[in-house]
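Structure record follows, encoded as C-alpha cells.
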2 protein chains.
Amino acid sequence: MKAEIARSEILAAAAGMMRQVGYSDMSLRDLATQVNMKAGSLYYHFASKDELVTEVMRIGVEAVEAAVRSGLDEHPSASPQERIMAAVTVHLDTLLKRSDFVSSHIRCYPFVPVPVRERLREVRRSYDQLWLSLIRAYLGPEASTDDVRYLRQVLIGALNGTLEWFNPERDSVTEYARRIETFLLPQKPR
Amino acid sequence: MKAEIARSEILAAAAGMMRQVGYSDMSLRDLATQVNMKAGSLYYHFASKDELVTEVMRIGVEAVEAAVRSGLDEHPSASPQERIMAAVTVHLDTLLKRSDFVSSHIRCYPFVPVPVRERLREVRRSYDQLWLSLIRAYLGPEASTDDVRYLRQVLIGALNGTLEWFNPERDSVTEYARRIETFLLPQKPR
DNA sequence: GTCTATAGACGGATAGAC
DNA sequence: GTCTATCCGTCTATAGAC
C-alpha cells in the first residue's frame, strides 16, 4: 500500500523534472530529495533509471490517448471536423495544463536511450492510429495516404510545438484551437 | 590559420553530436575523439563547453535566417503567399538536409543552460521578426496581433516538427511544403 | 521501505611539458 | 596547437544495517 503511494509520488516528481531539465539531467539524487528520500531508496520501487523513465513516458501517452478517447465519446454524433477539433482541444489541454507526463514524453523522447524508445513504440503507435483515423474520416475516402500522413504531421507539429511557447497565463487553449480550425480546417476537405 | 580550420571542424562535429544525443550527453571527450584530439585541446579553441555550444547554436539560427533571406531576394516580385512558401521551403531544406547546426539548435534549445539561452535571444528574435513580417504581409493589415502570432506558431510547429519524423529517403521537402500550402494557405487570407 | 556508505565510471576543467 | 596527467565533482547502482 505505502509502496504504491511512494511509487506514484516518485513518478509524478520524475515527470516534472524530466519536462524541465530533460532525461540526462534528471539525477536520481535530486529526484529522491524532492520526494524526501535518498537516492538508493528509489531502487526499491524501480529496477533502474531507465525503467522509471519508461514508466513516466508510458503513462504520458496513455494519459493523452485516454483523455482524447473519452472526449470523443462525449459527442458521439459529431462531424469529422468536430471530432478533430475535440481531439485538438483535449490534447492541448492535457499537454499544457494537466500532465507533466505528457510534456516530459514529448520533450524527452528524442534523447532517451534506444531501448526506452523501443519499449514505447507500441503505445505511441496506438495513439498515432487514433489520429490517422480521425484525419481519414475528415479528408474522406478519396484522400491519398500522403494527404493523411502529412496533415497529421502538420497538426501534431502545431500541437506539440506549443510546449516551446505557450504561456497558460497569457494564452488560451480554446483560442489557439479555434485558430487551428480557421487556418487548417476551413470547412470542408479540399 | 590552422586554428581556424580546427575550430570549424570542432564546431561541425559538435553540431552533429548535439543533434543526435543532446546537450548533456555530448561529452568533450567524445567530441575530441571525433576530431582526432584530446579533450584538453578543445580548451585552446573554446573557453568552456557552454561557449562552444552557444557558438554552434548561434551559427544555426544565422544560417537559416541567411538562407531564407537570400531565397526571398531571388523572387523580389513574389506575392505574400509565394514569399511564405519560399521561406517554408528554404527553412525545411536547410533544417533537414543541410545543417546539423540548425537541427541541433532546435532540438537542444529547451534543455540548454539559461545563460546560453540568454545569449541566443537576440539572434532568435531576429529570425522571429522575419517570419512575423512575412505573415503580417500575408494576412493583411486588418489581421489582429493574435492572428499573426498564432499562425506563426502553427507554421513553425509544422516546420520544426519534421525533425521528429521526416526521412529524407522517403519524404520530399517540396511535397511536404506543397501540403502545407494546401492545408494552411488555401489561397487568400480569411 | 528507507537508510548509510561506497563502488566504479565518467563528466568538465586546468597545469605544464612539448 | 596539442598532449599528458590529474583534480574534483557527480552520476547510477549496489550491499547491508535498521
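Note on naming: letters A, B, ... go to the chains in the order of the sequence lines (proteins, then strands), and numbering restarts at 1 for each one.
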Next item on the list: Please name all residues satisfying side-chain hydrogen bond (donor to acceptor under 3.5 Å, both in side chains) with A:Glu164, sequence neighbours left out, ordered by chain then number.
Entry: A:Arg107

Notebook entry, point to check: Taking atom P of C:dG11 as reference, at what distance in whole Å does atom CG of B:Leu52 sit?
Noted result: 15 Å

Next item on the list: List, by chain and number, the other hydrophobic cluster members for A:Phe111, where Ile, Leu, Val, Met, Phe, Trp and Tyr join if side-chain heavy atoms come within less than 4.5 Å, directly or indirectly.
Entry: B:Phe111

Scan nucleotides 16-18 of chain D against the protein and return all N/O pairs shorter than 3.5 Å with their distances rounded to 0.1 Å.
none

Next item on the list: Go through the structure and list residues passing side-chain hydrogen bond (donor to acceptor under 3.5 Å, both in side chains) with A:Thr174, not counting sequence neighbours.
Entry: A:Ser172

Note to self: Regarding A:Arg152 and A:Asp128, does a basic nitrogen lie under 4.0 Å from an acidic carboxylate oxygen?
What the structure shows: yes

Check: Can you name the residues that form a side-chain hydrogen bond (donor to acceptor under 3.5 Å, both in side chains) with A:Arg7, not counting sequence neighbours?
Finding: A:Glu55

Result block: side-chain N/O donor-acceptor pairs under 3.5 angstrom for residues 155-163 of chain B, not counting sequence neighbours:
{"unit_1": "B:Asn160", "atom_1": "OD1", "unit_2": "B:His91", "atom_2": "NE2", "d": "2.9"}
{"unit_1": "B:Thr162", "atom_1": "OG1", "unit_2": "B:Leu159", "atom_2": "O", "d": "2.5"}

Checklist line | Nucleic acid contacts of residues 107-115 of chain B, taken as heavy-atom distances under 4.0 Å to DNA chain C | finding: none

Next item on the list: Mind running a 4.0 Å heavy-atom check of residues 9-27 of chain B against DNA chain C and sending the residues that fall below it, in number order?
Entry: B:Met26, B:Ser27

Next item on the list: Could you say whether B:Ala3 or B:Arg29 is positioned toward the 5' end of DNA chain D, judged by the nucleotide with the nearest heavy atom to each?
Entry: B:Ala3

Next item on the list: For residues 15-28 of chain B, pull every pair meeting salt bridge (charged side-chain N to carboxylate O under 4.0 Å, His left out), keeping only residues two or more places apart or in separate chains.
Entry: B:Arg19-B:Asp100

Notebook entry, point to check: Quick one: is the NZ or CZ of B:Arg178 closer than 6.0 Å to the six-membered ring centre of A:Tyr150, and within 45° of its axis?
Noted result: no

Notebook entry, point to check: Of the residues in residues 38-51 of chain B, which ones touch DNA chain D at a heavy-atom distance under 4.0 Å?
Noted result: B:Lys38, B:Ser41, B:Tyr44, B:His45

Under 3.5 Å, which donor-acceptor pairs link side chains of residues 29-44 of chain B to any protein atom two or more places apart or in another chain?
{"unit_1": "B:Asp30", "atom_1": "OD2", "unit_2": "B:Ser27", "atom_2": "OG", "d": "3.4"}
{"unit_1": "B:Thr33", "atom_1": "OG1", "unit_2": "B:Arg29", "atom_2": "O", "d": "3.0"}
{"unit_1": "B:Ser41", "atom_1": "OG", "unit_2": "B:Lys38", "atom_2": "O", "d": "3.3"}

Check: Heavy atoms, side chains only, cut-off 4.5 Å: are A:Arg98 and A:Asp93 in contact?
Finding: yes

Margin query: Please report the distance, rounded to the nearest Å, between CG in B:Asp30 and C1' in C:dG12.
Written below: 13 Å

Checklist line | Summary of ring-ring contact (aromatic ring centres under 6.0 Å, His included) pairs that have at least one residue in residues 6-42 of chain B, sequence neighbours excluded | finding: none

Checklist line | Gap between atoms CG and P, on A:Leu31 and D:dC11 respectively (whole Å) | finding: 12 Å

Next item on the list: Using the side-chain hydrogen bond (donor to acceptor under 3.5 Å, both in side chains) rule, take B:Arg58 and B:His105 through it: C-alpha gap first, then chi angles, then the decisive distance, then the call.
Entry: CA-CA 8 Å; B:Arg58 198 189 50 72; B:His105 182 124; over 6 Å; no

Next item on the list: Could you check whether the rings of A:Trp131 and A:Tyr127 sit parallel, tilted or perpendicular, using 30° and 60° as the cut-offs?
Entry: perpendicular

